[in-house]
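Some notes on the structure that comes next.
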2 protein chains.
Amino acid sequence: MSLVNRKEQIEQTATRLFKTQGFAATSMRTLAQSLGMEAASIYAHIRSKEEILQKVCFRLANDFFTGFQNAVSQPGTSTDQLQAAIVEHVRVITTNLEAATVFQTEWRHLSEPYLGQIIKLQTEYEAKFRDLLKTGKAKGEFKFNDVHLTTRVLLASLNGIAQWYNPDGILTPTEIATNFNSIFLHGIVKGKISN
Amino acid sequence: MSLVNRKEQIEQTATRLFKTQGFAATSMRTLAQSLGMEAASIYAHIRSKEEILQKVCFRLANDFFTGFQNAVSQPGTSTDQLQAAIVEHVRVITTNLEAATVFQTEWRHLSEPYLGQIIKLQTEYEAKFRDLLKTGKAKGEFKFNDVHLTTRVLLASLNGIAQWYNPDGILTPTEIATNFNSIFLHGIVKGKISN
DNA sequence: CCTACCGATCGGTAGG
DNA sequence: CCTACCGATCGGTAGG
């Protein structure tokens, strides 16, 4: 039990270092020093440096999928489901801030077969958002020119939250999601009627 | 003159490797092999590995500033200027695809004083966009709740282009900019009147 | 969780 | 642009 906690502590500290220094530039000795132990001792708890990165990436990928599933499993229009999916995505990032950043920026350092698996998961997640937008357009709810571009614009700006979100800041995750929905659904031009 | 070309070739090859493997994970020996020379020979052309990263980052930062200046130096509404700024940003990224990616993802590996300088430039660039949005709102052209969030959403999605843009793909840089303008100005909800 | 240590590799320099 | 090489550091293992 104490070993389990120590393992979690190692992963948490490593995640923080991976975020600030990057995976490749973070040495096991630096990690050990942050934990108050010797580098060799870490291997009593983990198999390799990469194993930590693997856990972080797959845990986050799984969280994003679960969040999306929650969003689209409830009845409603495509607009409702998109809003819910945005809320879920914001929630996953803001409640796993450091891990989300590491997942986004360090996944390329995974080795096979994990690299291929995580790319596949990212592709699938993007496809889920794309299908949601496509369905909404077919139903006459949405308008846009290119569904691939629109999906990527949305996801890039959502993932960007990890780079600037401050848990001690003014904006709550809910408020952030509300702002996103407003921008993407209605734009920022002051219209004459609907706004 | 041949030395100048060789230097540019080194920087170009390094940029490509930094993009795919990351700065820290790219060794001078790997770079040398890609160039068909010995690692030690590279130092006849450059001072250090980091010097290459410095050049890439500051060149791109400068390009983004110049682009923005071009956009706002012509008369027009805030909407016109925002559209022009988006066109310029898309242009800088798509014409410097690999360098833009390296700038975005590897700048944290710069050492002082360069690190502080590049952070300052990023902060200033974001402030320019923010002021443009702020002015547009004050003039009654724009609507949004939080100018900081809105600016970051816009810039994150613009920078995300570097991750998916394909020079051989269907969408031209101009078309990409047009799509961005449509999404951010009018949103993706099918309105009754203005759309 | 430690000491002691492994082979490999790192960025970079000397000298030509 | 090369050979030869430097000290430092890397991820990880053996054995306790």
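When the shell of 6.0 Å around NZ of B/Lys128 is examined, it contains 12 or fewer heavy atoms from other residues, nucleotides or ligands. Within 6.0 Å of atom CD in B/Gln12, 12 or fewer heavy atoms from other residues, nucleotides or ligands are found, so the atom counts as exposed in its surroundings. At most 12 non-hydrogen atoms from other residues, nucleotides or ligands lie less than 6.0 angstrom from NZ of A/Lys120.
With sequence neighbours left out, A/Arg29 forms a side-chain hydrogen bond (donor to acceptor under 3.5 Å, both in side chains) with no residue at all. Residues meeting the ring-ring contact (aromatic ring centres under 6.0 Å, His included) test with B/Phe64, sequence neighbours left out: B/His89, B/Tyr125.
Side-chain N or O atoms of B/Ser157 include one that pairs as donor or acceptor with a backbone N or O of B/Val153 at under 3.5 Å. Side chain of A/Glu50 to backbone of A/Ser111: a donor-acceptor contact under 3.5 angstrom is found.
For residues 16-27 of chain B, proximity to DNA chain C is found at B/Thr26, B/Ser27, defined as any non-hydrogen atom under 4.0 angstrom from a strand atom. Residues from residues 34-43 of chain B placing a heavy atom under 4.0 Å of any atom in DNA chain C, listed by number, are B/Ala40, B/Tyr43.
Following chains of ILVMFWY side-chain contacts shorter than 4.5 Å, one can reach A/Phe180 starting from A/Ile183, so the two form part of one hydrophobic cluster.
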**OP:** Fill in the dot-bracket string of DNA chain C, one character per base: . for unpaired, | for a pair to another strand, ( ) or [ ] for pairs within the strand, taking Watson-Crick or G-U pairs under 3.5 Å.
**Re:** ||||||||||||||||

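When ring centroids are compared, A/Phe184 and B/Phe184 come within the 6.0 Å threshold. Annotation: B/Phe103 is not in aromatic contact with B/Phe58 [ring centroid separation under 6.0 Å not met].
Put simply, chain B comes within 4.0 Å of DNA chain C, heavy atom to any atom, from C/dC10 to C/dT13, going 5' to 3'.
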